[in-house]
J.: 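Below is one structure. I have some questions about it.
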Amino acid sequence: MTETYDFAAIEQKWQCAWEEERAFRAEIDPSRPKYYCLEMYPYPSGRIHMGHVRNYSIGDVIARQKRMAGANVLHPIGWDALGMPAENAAIKHGTHPKTWTLGNVDHMRTQLKRLGIGYDWDREVNTCLPDYYKWNQWIFLRMLERGLAYRKESWVNWCPQCRTVLANEQVVGGGCWRCEAPVAQKKMEQWFLRITAYAEELLAGHAALRKWPEHVLQMQKNWIGRSTGAHVRFGLDGTSKEIEVFTTRIDTICGATFLVVSAEHPIVPELVAGPRAQELGAWVERTVAEMRQRRDVGETEKDGVDTGRKAVNPFTGERVPIWLANYVLMDYGTGAIMGVPAHDSRDFEFARSYGIPVRTVIAPPDRAGERFDGEPAEVYEGPGVLVNSGPFDGLTSERAMDEMGKHAEDKGFGRRSTIFRLRDWGISRQRYWGTPIPVIYCRRDGLVGVPDEDLPVELPFEVKLTGEEGSPLERLESFVRTTCPKCGGPARRETDTMDTFVDSSWYFFRYCSPRETALPFRPEDAKAWLPVDLYIGGVEHAILHLIYSRFFTKVLRDFGLTDVSEPFPHYLAQGMVTKDGSAMSKSKGNIVDPDEILARYGADALRLFIIFASPPDKEFAWAEEGLEGCYRFLVRVRALVHENLDVFAAPEAAPAPTAGGGEAASRVVKKTHQTIRKVTEDIGVRFHLNTAVSSIMELCNLTRKERDALRETPAGRDALRLALGSIIRLLSPFAPHLAEELWQRTGHQGLLMLSAWPAHDAALAREETATVVVQVNGKVRDRFEAAPDLPEAELEAAALALPKIQAALGGKPPRKVISVRNKLVSIVG
RNA sequence: GCCCGGGUGGCGGAAUAGGUAUACGCACGACACUUAAAAUGUCGCGGCCGCAAGGCCUUGCGGGUUCGAGUCCCGCCCCGGGCACCA
């Protein structure tokens with residue numbers, strides 16, 4: 001068994017001391033630079049897991065270091081407390097969601113405190129309390145006034161057995177995640193937020209997000225999915241009607257040999273009317289059902305029917321058949337496409353299976369000038385030069401897109417346009433444990449927003465949650481029945497609640513003014529703290545939460561509440577915590593409970609280990625032995641300080657050690673200053689927390705090795721004091737409790753966490769010699785010590801004089817020599 | 001299929017601007033202390049050859065650029081993630 005120390009007593013002692021002094025409280029102070037360090041707030045599921053420990057340890061290291069380095073740090077925490085798990089727990093165990101949630105919050109708060117994470121608890125926010133969700137409602141109403149919130153009928157996933165709406169994530173393999181019944185599609189009135197109004201800006205804003213991981217920006221970019229192209233209207237032959245298509249390749253339009261209309265397109269009834277109505281209608285009915293089923297499943301075999309109707313290509317006047325098919329989506333573009341089989345692989349596949357003609361209209365650049373009369377053997381999707389396109393022949397694809405777009409505009413049958421894949425955000429949930437949407441329906445006045453003075457619309461506590469019915473609020477007459485704010489007549493409340501992503505889209509503003517009662521937050525507080533300087537959290541939120549938050553910030557800016565457009569200029573995507581090759585999860589049974597580790601090794605060792613074992617943005621594989629090593633390291637540091645407490649008896653004013661105190665002393669002084677420099681940079685600039693810990697370990701190793709020699713001279717004892725004092729301070733963001741204890745034991749007054757971060761002295765950190773490597777023909781043959789910054793010519797001379805180098809050259813003169821100061825001499829023989 | 005990451009000892013990982021590959025930690029081995037074990041300490045620890053000095057090889061694979069490549073370029077392989085009929 002490893003030697004031990006009473007970490008439990010030490011940790012408790014300092015957690016109390018910090019709390020008593022409210023040492024983590026943040027107040028606006030214009031005299032210091034602010035630093036807003038934020039970790040994604042947790043869902044209060046019951047217990048802290050290792051992912052939380054990692055997330056909050058990373059944030060705490062940075063927040064503590066910034067604070068010691070002189071920043072005015074805001075480091076808050078709260079609870080993402082609304083949502084399905086509480087409701088499911090209620091159904092399962094019969095506890096009220098509120099009771100369950102608040103109990104979990106209490107427990108998890110205690111756990112976070114036991115980890116020594118330094119939060120400003122005065123700013124704690126809990127989204128399930130009316131003083132928070134009131135402002136969800138307020139923001140919603142402002143959006144409603146501006147047309148950013150609206151209601152429309154849309155398809156939702158519906159579990160017929162549970163009789164409730166399911167989010168897309170709750171549909172597993174086409175079935176309900178709870179009862180496995182096949183999920184149906186149902187058309188319902190739903191509330192939407194008009195995020196698409198900000199699509200362009202959300203994309204353009206990426207330019208300001210230089211400190212985001214590239215792959216996260218890429219994911220968001222794909223999600224937003226901007227496409228430029230053109231809308232073009234084809235005539236419906238024999239009528240005055242038109243079918244509009246969207247295309248990104250208007251340059252290929254003369255190769256359109258058919259048109260495809262989505263089975264869900266509103267024009268379908270007209271297209272199928274006629275002698276074949278029964279046959280076509282049956283196909284449509286079956287296909288629509290299938291398309292809804294596989295909405296989240298992916299690609300399936302292409303299937304279609306020829307309607308017998310024709311469309312007129314406005315560019316050529318050509319009449320082409322109109323098909324219905326299962327591969328054209330209704331909710332992207334116009335729900336109809338032109339089929340250009342020669343230059344689109346999906347159209348090609350479709351045309352091949354139905355014998356539709358394929359006509360080349362783009363010559364690949366390497367085949368310019370050839371004739372393209374017959375059917376091509378394969379599809380060509382790249383750009384090229386137009387052929388078989390009448391007056392547009394000879395244009396490059398790029399020019400043709402422009403000119404044909406203009407042509408369509410001039411003739412009035414189309415326009416150049418940009419569309420997005422991003423959809424408006426459906427926020428309606430037919431659930432209890434969420435923010436009630438503050439809207440009233442009156443027979444006379446229609447849809448009426450709840451007046452601000454009536455906010456919050458509180459969630460009623462008394463409610464039956466059985467899981468068997470639809471929306472629990474809908475069945476609660478006392479909630480539903482109300483009066484119209486306009487006419488005073490009888491009216492009904494909206495019973496949908498909001499998606500919980502609404503709560504998390506602006507909570508970082510609320511931390512700035514957590515008890516504000518007139519607005520969601522005070523603009524001057526937001527001005528003082530935002531943007532968030534560093535946002536840390538799991539990459540699983542790369543798309544939804546991080547886009548919604550960016551959207552909300554822009555909306556709040558347009559409300560005039562903030563002048564910030566991007567809430568998180570720096571996002572650190574934390575890697576997963578895994579064990580035995582997969583993410584820790586209940587179903588895998590590979591969970592390590594932080595409480596258990598805390599009891600055996602203490603918070604400092606756990607924090608140190610989780611930081612040390614891998615860089616923050618990479619996956620972290622749990623391995624108990626490594627934890628043991630970090631614990632031993634702490635024990636060694638403590639022992640080293642305790643054995644040398646006498647060197648701290650020197651007056652505080654003792655001269656700072658300089659070079660010239662003997663071999664050991666100058667080595668240790670130099671290493672100390674180098675370590676301070678490296679740790680400061682690793683935490684504050686590079687965010688490589690694991691290497692910061694390594695370098696502290698190195699300093700500790702050297703100090704231990706030299707301690708006997710150091711103790712023998714006054715200069716040595718000064719060096720020892722410097723090294724130990726620095727180790728304590730450098731360690732304090734990582735292992736704050738032990739560091740505080742040692743700080744006190746070495747005779748310091750006040751809290752270490754509020755004292756100054758050490759500064760390095762560049763002159764003392766400087767190496768007196770540089771190791772110069774000598775390569776011959778690319779291979780290292782020898783090395784020597786040289787004075788720093790020795791000029792290249794002298795390095796060259798010294799290198800060539802080395803016996804091993806002489807031998808390697810075999811007496812012949814070098815053909816070429818390259819020297820780099822302080823680094824190497826490279827000789828070509 | 002498309003778009004991102006990533007591949008370095010037995011393991012987690014380091015190498016910040018193309019310049020000493022394998023820092024730090026774990027595991028392992030030898031030794032010291034011990035009646036013994038644990039703990040602790042000291043030393044060793046990429047592979048191959050060699051008594052040694054030393055030599056050769058080594059960052060997924062194959063090429064290339066360069067005095068010099070883990071790092072840059074081209075082509076593959078494997079692993080992880082995201083999107084997935086987006087016209």
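Predicted model, so just to flag it, every value in this text is computed and none were measured.
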J.: So, A:Gln574 and A:Asn55: side-chain donor and acceptor under 3.5 Å apart, yes or no?
T.: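 A donor-acceptor contact under 3.5 Å links the two side chains.
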J.: Please state the C1' separation for the pair B:U65 and B:U71 - nearest whole angstrom.
T.: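 About 14 Å, rounded to a whole number of Å.
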J.: Nearest-Å distance, CG (A:Asp782) to P (B:G55)?
T.: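 Distance, rounded to whole Å: 10 Å.
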J.: Is there a donor on the side chain of A:Lys779 or the base of B:U20 sitting less than 3.5 Å from an acceptor on the other?
T.: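 No pair found.
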J.: Assign A:Gly629 to base, sugar-phosphate, or nothing according to its heavy-atom contacts below 4.0 angstrom with the strands shown.
T.: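 Sugar-phosphate, no base atom in range.
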J.: Regarding A:Ser614 and A:Glu619, do their side chains bring together a donor and an acceptor under 3.5 Å, going by distance alone?
T.: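 Checked: A:Ser614/A:Glu619 side chains show no N/O donor-acceptor pair below 3.5 Å.
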J.: Say we look at B:A30 and B:C45: how far apart would their C1' atoms be, to the nearest angstrom?
T.: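 Nearest-Å result for B:A30 against B:C45 at atom C1': 11 Å.
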J.: Measure from NZ on A:Lys823 to P on B:U16 and round the result to the nearest Å.
T.: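 Roughly 10 Å, once rounded to whole Å.
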J.: For A:Arg781, answer base if it contacts any base atom (sugar-phosphate contacts may also be present), sugar-phosphate if it contacts only those atoms, and nothing otherwise; contact means non-hydrogen atoms under 4.0 Å.
T.: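 Sugar-phosphate: the residue A:Arg781, judged by heavy atoms under 4.0 Å, touches backbone atoms but no base.
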J.: Report which part of the nucleic acid A:Arg677 touches: base, sugar-phosphate, or nothing (heavy-atom distance under 4.0 Å, all strands).
T.: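 A:Arg677: no heavy atom of the nucleic acid under 4.0 Å.
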J.: Atom CG of A:Leu800 and atom P of B:C67: how far apart are they, to the nearest Å?
T.: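 It is 18 Å, rounded to the nearest whole Å.
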J.: Report the nucleotide, chosen from B:A87, B:U16, B:G19, that has the shortest atom-to-atom distance to any side-chain atom of A:Ile818.
T.: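 Of the options given, the side chain of A:Ile818 lies nearest B:G19.
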J.: Would you say the side chains of A:Asp344 and A:Tyr380 form a donor-acceptor pair under 3.5 Å?
T.: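 Distance-only check fails for A:Asp344 and A:Tyr380.
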J.: Just name whichever nucleotide pairs with B:U34, Watson-Crick or G-U, keeping both distances under 3.5 Å, else none.
T.: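 Across any shown strand, B:U34 pairs with none.
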J.: Assign B:G50 to syn or anti; the rule is syn for a glycosidic angle within 90° of 0 and anti otherwise.
T.: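 That one's anti.
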J.: Distance check, P atoms only: B:A69 and B:C56, in whole angstrom units.
T.: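 Rounded to whole Å, the distance is 15 Å.
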J.: Tell me the interatomic distance from A:Met576, atom CE, to B:G12, atom C1', rounded to whole angstroms.
T.: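 So the two atoms are 16 Å apart, to the nearest Å.
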J.: Could you tell me whether A:Glu619 contacts a base, only the sugar-phosphate backbone, or nothing, with contacts defined as non-hydrogen atoms closer than 4.0 Å?
T.: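 Result for A:Glu619 = sugar-phosphate.
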J.: OP1, OP2 of B:C26 versus side-chain N and O of A:Arg632: anything below 4.0 Å?
T.: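 Answer yes for this pair, as a side-chain N or O of A:Arg632 is under 4.0 Å from OP1 or OP2.
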J.: Mind checking if A:Val685 touches a base, just sugar-phosphate, or nothing, with heavy atoms under 4.0 Å?
T.: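 A:Val685: no heavy atom of the nucleic acid under 4.0 Å.
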J.: Please report the distance separating the C1' of B:U22 from the corresponding atom of B:G7, rounded so that it comes out in whole Å.
T.: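 Nearest-Å result for B:U22 against B:G7 at atom C1': 16 Å.
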J.: Judged by modelled atom types alone, do A:Asp251 and A:Ser397 share a side-chain donor-acceptor pair under 3.5 Å?
T.: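 Note: A:Asp251 and A:Ser397 side chains meet the donor-acceptor criterion.
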J.: Quick one about A:Tyr327 and A:Ser262 (side-chain donor to acceptor, distance below 3.5 Å, no hydrogens or angles considered), yes or no?
T.: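 No, because no side-chain N or O of A:Ser262 sits under 3.5 Å from a partner of the opposite role on A:Tyr327.
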J.: Measuring only the C1' atom in each nucleotide, how far is B:A32 from B:A37? A whole number of Å is fine.
T.: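 Rounded to whole Å, the distance is 15 Å.
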J.: Whole angstrom is fine here: how far is it from CZ in A:Arg638 over to C1' in B:U40?
T.: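 So the CZ-C1' distance, A:Arg638 to B:U40, works out to 15 Å.
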J.: Work out how far the P atom of B:G6 is from that of B:A87, and round it to whole angstrom.
T.: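 To the nearest whole Å, 28 Å.
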J.: If you look at every strand shown and take non-hydrogen atoms under 4.0 Å, does A:Gln775 touch a base, only sugar-phosphate, or nothing?
T.: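 It contacts base atoms.
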J.: Please determine, by modelled atom types, if A:His231 and A:Ser417 share a side-chain donor-acceptor pair under 3.5 angstrom.
T.: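 Per modelled atom types, A:His231 and A:Ser417 side chains form a pair under 3.5 Å.
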J.: Over how many whole Å does the gap from A:Asn701 atom CG to B:G41 atom P extend?
T.: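 In whole Å, B:G41 P and A:Asn701 CG are 10 Å from each other.
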J.: When you compare B:C28 with B:U66, how far apart are their C1' atoms, in angstrom units rounded to a whole number?
T.: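 To the nearest whole Å, 40 Å.
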J.: Categorize A:Lys678 for me: base, sugar-phosphate, or nothing, with a 4.0 angstrom heavy-atom threshold over every strand shown.
T.: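 Base contact - A:Lys678 has a heavy atom under 4.0 Å of at least one base atom.
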J.: Applying side chain to side chain donor-acceptor pair (under 3.5 Å) between A:Glu643 and each of A:Arg707, A:Arg638, A:Arg711, report the one that passes.
T.: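 The single option meeting the side chain to side chain donor-acceptor pair (under 3.5 Å) with A:Glu643 is A:Arg707.
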J.: Checking all strands, does A:Asn690 fall into the base, sugar-phosphate, or nothing category for heavy-atom contacts under 4.0 angstrom?
T.: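 Sugar-phosphate only.
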J.: Among B:C26, B:A15, B:G41, which is the nearest nucleotide to the side chain of A:Arg636?
T.: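 Closest of the options to the side chain of A:Arg636: B:G41.
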J.: Once you apply a heavy-atom cut-off of 4.0 Å, does A:Asn777 come out as touching a base, just sugar-phosphate, or nothing?
T.: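 Touches nothing.
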J.: All N/O contacts under 3.5 Å from nucleotides 1-10 of chain B to the protein, with atom names and distances to one decimal?
T.:
unit_1	atom_1	unit_2	atom_2	d
B:C3	O2'	A:Gln218	NE2	3.4

J.: For A:Pro615, answer base if it contacts any base atom (sugar-phosphate contacts may also be present), sugar-phosphate if it contacts only those atoms, and nothing otherwise; contact means non-hydrogen atoms under 4.0 Å.
T.: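 The answer is sugar-phosphate, as A:Pro615 gets under 4.0 Å only of primed atoms, P, OP1 or OP2.
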J.: Could you tell me which residues satisfy side-chain contact (heavy atoms from CB on, under 4.5 Å) with A:Glu698, sequence neighbours excluded, listed by chain and number?
T.: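 If we apply the side-chain contact (heavy atoms from CB on, under 4.5 Å) test to A:Glu698, skipping adjacent residues, the hits are A:Lys671.
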J.: Using a heavy-atom cut-off of under 4.0 Å over every strand shown, decide if A:Ala613 touches base, sugar-phosphate, or nothing.
T.: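 The residue A:Ala613 makes sugar-phosphate contact but no base contact.
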J.: Measure from CE on A:Met219 to C1' on B:G80 and round the result to the nearest Å.
T.: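 A:Met219 atom CE is separated from B:G80 atom C1' by 12 Å.
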J.: If we ignore angles and hydrogens, is there a donor and acceptor under 3.5 Å between the side chains of A:Gln220 and A:Arg550?
T.: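 Distance-only check passes for A:Gln220 and A:Arg550.
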J.: Side chains of A:Trp283 and A:Asp303 only: does a donor on one sit below 3.5 Å from an acceptor on the other?
T.: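 Their side chains do contain a donor-acceptor pair, which is all the 3.5 Å distance test asks for.
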J.: Which part of the nucleic acid, if any, lies within contact of A:Ser227, taking any heavy atom under 4.0 Å across all strands shown: a base, the sugar-phosphate backbone alone, or nothing?
T.: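 Contact class for A:Ser227: sugar-phosphate only.
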J.: Distance check needed: B:G18 C1' versus A:Leu824 CG, whole Å only.
T.: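 Roughly 11 Å, once rounded to whole Å.
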J.: Has A:Arg704 got a side-chain N or O lying under 4.0 Å from the OP1 or OP2 atom of B:G41?
T.: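 Yes.
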J.: Ignoring the backbone of A:Arg686, work out which of B:A27, B:G25, B:U16 is nearest its side chain.
T.: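 The answer is B:U16, which lies nearest to the side chain.
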J.: Suppose we define a pair by two distances each less than 3.5 Å, Watson-Crick or G-U wobble; what does B:C83 pair with here?
T.: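 In the structure as shown, B:C83 has B:G1 as its Watson-Crick or wobble partner.
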J.: Distance between the P atoms of B:G70 and B:G60, in whole angstroms?
T.: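 Comparing P positions in B:G70 and B:G60 gives a spacing of 10 Å.
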J.: Can you tell me the base-pairing partner of B:A39? Count Watson-Crick or G-U wobble geometry only, both distances below 3.5 Å, and say none if there is no partner.
T.: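 None - no nucleotide pairs with B:A39, as no candidate has both distances under 3.5 Å.
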J.: Would you say the ring centroid of A:Tyr601 lies under 6.0 angstrom from that of A:Phe609?
T.: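 No; A:Phe609 has its ring centre 6.0 Å or more from that of A:Tyr601.
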